[in-house]
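Everything on this sheet refers to the single structure shown next.
In the text below, chain A, chain B and the rest are named by the order of the sequence lines, each starting its count at 1.
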Amino acid sequence: MSQETLPKAYEPTAVEQRWRDHWEQNTTFTPEITPESEPYSIVIPPPNVTGNLHMGHALNLTVQDIMCRHARQRGKTVLWVPGMDHAGIATQNVVERRLAQEGKGRHDLGREAFIEKVWAWKEEYGGNIRRQVKALGCSVDWTRERFTMDEGLSRAVRKVFVQLYKEGLIYKGDYIVNWCTRCHTALADDEVDHLPNKGKLWHVKYPLEDGSDFITIATVRPETILGDSAVAVHPEDERYSHLIGKKVRLPFSGRLVPIIADTYVDREFGTGALKITPSHDYNDWEIGKKHNLEFIQVIDDNGIMKPNAGVLAGLRKEEAREVAAKALEEMGLLVKVEDYENSVGHCYRCKEIIEPHVSTQWFVAVRSLADKARDAVPGQTQIFPDTWLKTYYNWLDNIRDWCISRQIWWGHRIPAWACASCGHLMVEEQAPDSCAKCGHSVLKQDEDVLDTWFSSALWPFSTMGWPDKTKELETFYPTSVLVTGFDILFFWVARMMMLGIHFMGEIPFHHVYIHALVRDADGRKMSKSLGNVINPLDMIDKYGTDSLRFTLAAFAAMGRDIRLSEERIEGYRHFVNKIWNASRFALMNLPENGGELKPVDLDNIEGTHHQWILHRLEEMKAATSRSILDYRFNDAAQDLYKFIWTEFCDWYLELIKPDMYAEADDKTKDTARYVLWTVLRETLVLLHPIMPFITAEVWAALPGNGGTDIAEEPYPAPRPACLRPEAAARMNMIQEVIVAVRTIRAELNIAPSLKLKTIVRPLDAESAATLEAHRKVIEVLARLESLTLDAAAVAPKLSASQVACGNEVIVPFEGSVNLDAEKARLDKELAKLYKEQAMMEGKLASPSYVEKAPQHLVERDRARVEELIAAALKLKAVRAKFEA
RNA sequence: GGGCGGUUAGCUCAGUUGGUAGAGCAUCGGCUUUACACGCCGAGGGUCGGGGGUUCGAGCCCCUCACCGCCCACCA
C-alpha cells in the first residue's frame, strides 16, 4: 500500500471490517497448545442472550481484550473463551411478552413447544450478541464458543447437581422464599431489589379473648390478618407483660391466637406489639418456627387471597389491603393510620413486588463451600482493587443457603425423579428406567429448573469440557483473570469460587479484576427508562472502535466509576486520526517496499533527537507493559497518548523534517528514516492491545513487515543501550531554546512569517556544542533567519530575552515591536523567578530541613537557587537597558 | 445500623512508596509552517471540601466535620 491509497482522514468502518474478517478467517486467536505453552486464559462473562451489549459490556470486553492481546505479545498461549448465558427468567420473560402480543400465554403452548420457541429466539438473537462482540474486536477463540444450555455444559450441570446431592450439600425443603407472583418463581435473595415504598401503617385493635381489653398492633399489611398465628411483644415491655400468655380474637375470623414474648420485637416501633404471620413474612417465619406456631397461607402463588381469607377471598392482595382496612374501620377496630415509608422487595427482572411465600424448594448448603471460597482470598486468588475484599468477606460470612430451584421452564431441569407409585426420590444424571425402591416404571421428573447462576457458577471449567479430562482444562485451568463489574461479585464470582474449588480442587482464577460501572455524563446509571443510554454500536459507527476502546481504557482508573459522554469518544477520534496522519507522513518518507531501508546501529546512533526519542521509546516499552499488567489501563492509555502526540508527532517528526530535506546527505536521511521506522513500528505494537484496528492497518502498510499481522507480533524487546537520560536532558535544552523564541514571538506579536535573527549566549561550552550540533533544527523550528551562538555576543539595545536552561536567548527587535509589551513580559518572568527563589531560599534557611532532608534534595535545591539567581540577573540586565 | 468510595483548573479526571500539582476538553491570542484545521504555535486559569495533628516538608499519612454517591442488613 502506498501513500496515495491512504486517505487524508482515517475512515474506520471499512478498515475494521477487513481486519475482523481477516482474524476470523485465519483463526488467529485459536491457540496452539504445545508442551512448551505458557498458558494465559480468560473466560468471558457470558452476556445474556436476551440483551444488546451496553457500555458496561464494551468496557468489560475491552479490558479483557487488552489483557489477552498483551499476553500474546508476551509470548503466552492465550485462550479467551466466548459464550452466552441462557438467562432463565429474563429470557423466558422476553419470549412470554412476545407471546402475549399474540394473545397467548406459555401454558397455551405447553412446556415443550414453549421451550422450542425460546430456542428459536435464542438462535435469532444470540447472533446479535456475537456480532457485537466481534464489532469490538475481541480476540476470542470462536471455535470454542459455549452456551450455558448446550449439551456439554448441561452435562456438567447434572453431574454437579447429583454429586452435591449425594454429598448432602443439596437438599429439598420447605422454606419461605422470595416469590414473584408474575414470573411465578422463587428468587434468590440477591435477585430481589429493595426499593422505597410509600405506604401506610395501620394501628389495629385485637380484642382479648374475654373481651376485657384490647391490644393494639401496628401493621402495613392488614390483608394478612387472617393468616396471623400470634401477637408478639417484647418480654420486658411492662405495658404488655400482664398480657403474655393470654389469647386475642382476630378480626374477621374471630380465631384465637396467643400473645407471645420475643426479644425480636422493637419496643420503640409502632405500638410495641407485632402481629405474627409466619407464612407471609420472613421474620415471622423464623418466629413461627421458634414458637411452634401455626402456618396459615392466605395468599396464593398468584397474589390472590385464598378461600380461607373469608371476606377478602378472591381479591388481589393490594385490593384486599384496602378492603381490609376499610372493614376494620367500620368494625371500630382501626385506631389510627399513619403515612409510612419502608422498603419493599421487587423482582429484579420484572419489577413486580415480591411476596414472601412458603413452598418446597431445592437448596445448596453453602456454609462449608463459602468458607473455602473465603480462605482462598487473597492467598490463591487476588482481587483488584483490594477495596472489594471486605465486601467479599462480608457477603460470604453472612451467606444463607442458596435457593436454586425456579418455577419456570427455560433452564436446566432438575435431575430428580419421583416414583409415581411409592414416591421414592431419585437424583441421577440420566433419567432412571424404574424406581430403585419398588421397581415401578412410572417416574415423574421434578418440574423445576435451576437458577441461572447455577450453570454460570461452573463456567470456568464447564466451558473447558469438564467433567472430561481435556487438554483445555489441563492447560488453561485455573484461568488467569476474571474481569467483571462489582454488581455480580456475589451472583457470580463468589459462586464460581465455591464450586470451582469444590469440583476442581483449585480456585477458578488467579486474579479478579473488578472494573468500574459506566455511567452517563451526569453520573447516573445508564438505563432505558432514563433515556441516557449510549449504545456502543452507535459510537463504533460514528467514531470507530479504536476511539471507543481508547476512551474506555483512558477512563478505566481502578476503583472509580466512569462518566462517559459522546464528546470524549469524539475527542479520542482526533487521536486516532493523528496516528493515521503521522503514519502517512512516515510512509511518504520511507521507501515503498522495504528494500531500501538501511538499518543503522541504534545503540551507537548520533543525533540528540534520535537518541532522545529512542530513550523515550525504551521508557514507554517498560511503562506500557507494567501498566497493563497492573490493570492501570488509564496510565497505559494516557502515557501513549502523550508520547505519540506530544513527543513523537509534535517534536520528533518536526525535528527530522530537516534531516529529510533534499540537500541533507544520505547518511542523515537513512538514519532518520530508520529511527522513524523503528519508533513508529514499535509504538504501534505498544498501542495495539488498546487500538487493534488502526495499528493493524498501519503495520500492514509499513515497509519491512512483509505481510505479517501485528496481532501476532511479539512485544518489542528492550534495547538497554538506548536508555540515555543525558540525551533526554540535552534534548530538553534544545526544546527550551526553541520554545523561548516561540514565546517571545507570540507574546510580542511578531508575525510567524517573519524570520528572526537570534543570538544565544550559551551557559557553557557543552551547551554551546549541543546547540551548535542542532543549529539547523533550531533555525527551522524557531523560524530563524540566523542563529548566533556566542557567549560574548553583545545584545542590541532593543531586544527581547529569555533564559532557557541557563542559555540566554536574545531576539533583537524590529522597530514595530511594542516596548511596553516586552517590559511587561520581562516583569512577569522575573516575578516568577523571584517567587520560586524565595520559596527555595526559605526552605534552605530552615536548619532542620538542611539537616534532616536527604542530601541530594538539598543539593538539588541549592543548584536550583543558583540557576534562578543567574537567570534573574540576566533578565534584569536586559530590563535595565529599557529604562536607560 | 454496618461497610466502601468521592470532594484537585470552568468541565471530566490523573496524581505508583510524603519533596511544594498535571492531562484532555473548554477559554483567550496568533497561524494556508507541503502528515494532520479531527491541525500547528503560544497564553491564562487551582490557598488540592473545612478544621486539627504527625513531619524539615502533606493532594498523599492520622483524627474530626461537612456535603455527594454506592453496597449490605433491617424496616410491624
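No engagement by A:Lys200 is indicated, since no non-hydrogen atom pair under 4.0 Å with the nucleic acid exists. Using a 4.0 Å heavy-atom distance criterion, A:Arg860 is classed as a sugar-phosphate-only contact. Using a 4.0 Å heavy-atom criterion, one finds that A:Glu654 contacts the bases of the nucleic acid, with or without backbone contacts as well. Heavy atoms of A:Asp266 sit under 4.0 angstrom from at least one base atom. Across all strands shown, A:Pro847 has no heavy atoms under 4.0 Å from either base or sugar-phosphate atoms. Among the protein residues, A:Lys642 comes within range of no part of the nucleic acid, since none of its heavy atoms lies under 4.0 Å from any strand. Counting non-hydrogen atoms under 4.0 angstrom, A:Leu653 reaches a base of the nucleic acid. Heavy atoms of A:Val850 sit nowhere under 4.0 angstrom from any nucleic acid atom. Here A:Arg742 lies in heavy-atom contact (under 4.0 Å) with sugar-phosphate atoms only. Within the nucleic acid shown, A:Tyr340 comes within 4.0 Å of sugar-phosphate atoms alone, with no base atom in reach, counting heavy atoms only. At a threshold of 4.0 angstrom between heavy atoms, the contacts of A:Tyr10 with the nucleic acid are absent.
Two residues are said to be in side-chain contact when any heavy atoms from C-beta on lie closer than 4.5 Å; A:Phe648 and A:Arg616 fail this criterion.
Searching all strands for a Watson-Crick or G-U wobble partner of B:rU54 with both distances below 3.5 Å returns nothing. Across the strands present, B:rC67 finds its partner in B:rG6; the criterion is a Watson-Crick or G-U wobble pair with both atom distances under 3.5 angstrom. Base pairing of B:rC36: no nucleotide in any strand meets the Watson-Crick or G-U wobble criterion (both distances under 3.5 Å). Using the Watson-Crick or G-U wobble rule with both distances under 3.5 Å, B:rG42 pairs with B:rC28.
B:rC60 sits 14 Å from B:rU54 when the C1' atoms are compared, rounded to a whole Å. A gap of 12 Å separates the C1' atoms of B:rU8 and B:rU12, to the nearest Å. When the C1' atom is compared between B:rG46 and B:rG59, the two are found 11 Å apart, to the nearest whole Å. Between B:rU27 and B:rG45, the distance separating the two C1' atoms is 9 Å to the nearest Å. Nucleotides B:rG3 and B:rG50 place their C1' atoms 25 Å apart, quoted to the nearest Å. Rounded to whole Å, the separation between the P atoms of B:rG69 and B:rA58 comes to 33 Å. A gap of 29 Å separates the P atoms of B:rG2 and B:rA14, to the nearest Å. Rounded to the nearest Å, the gap between the C1' atom of B:rU20 and that of B:rC40 is 33 Å.
Of all non-hydrogen atoms in A:Thr219 and A:Lys275, the two that sit nearest each other are OG1-CE, 3.4 Å.
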Give the C-alpha distance, both sets of side-chain angles, the deciding distance and a yes or no for ring pair (Phe, Tyr, Trp, His ring centres under 6.0 Å) between A:Trp645 and A:Tyr641. CA-CA 6 Å; A:Trp645 200 311; A:Tyr641 184 96; 5.6 Å; yes

I'd like to know whether A:Tyr340 forms a ring pair (Phe, Tyr, Trp, His ring centres under 6.0 Å) with A:Phe269, so could you lay out the CA-CA distance, the side-chain angles of the two residues, the decisive distance to 0.1 Å, and finally the verdict. CA-CA 12 Å; A:Tyr340 181 67; A:Phe269 190 93; 5.7 Å; yes

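In this structure, a donor-acceptor pair under 3.5 Å is present between the side chains of A:Asn178 and A:Tyr282.
When each of A:His574, A:Glu566, A:Arg568 is tested with A:Tyr543 by the rule side-chain hydrogen bond (donor to acceptor under 3.5 Å, both in side chains), just one qualifies, namely A:Glu566.
Checking the phosphate oxygens (OP1, OP2) of B:rC40, a side-chain nitrogen or oxygen of A:Trp645 falls inside 4.0 Å. Checking the phosphate oxygens (OP1, OP2) of B:rU33, no side-chain nitrogen or oxygen of A:Arg783 falls inside 4.0 Å. When the side-chain nitrogen and oxygen atoms of A:Lys390 are compared with OP1 and OP2 of B:rG5, none of them lie within a distance under 4.0 Å.
Judged by closest nucleotide on RNA chain B, A:Ala554 is the one of A:Ala554 and A:Tyr641 placed further toward the 5' end.
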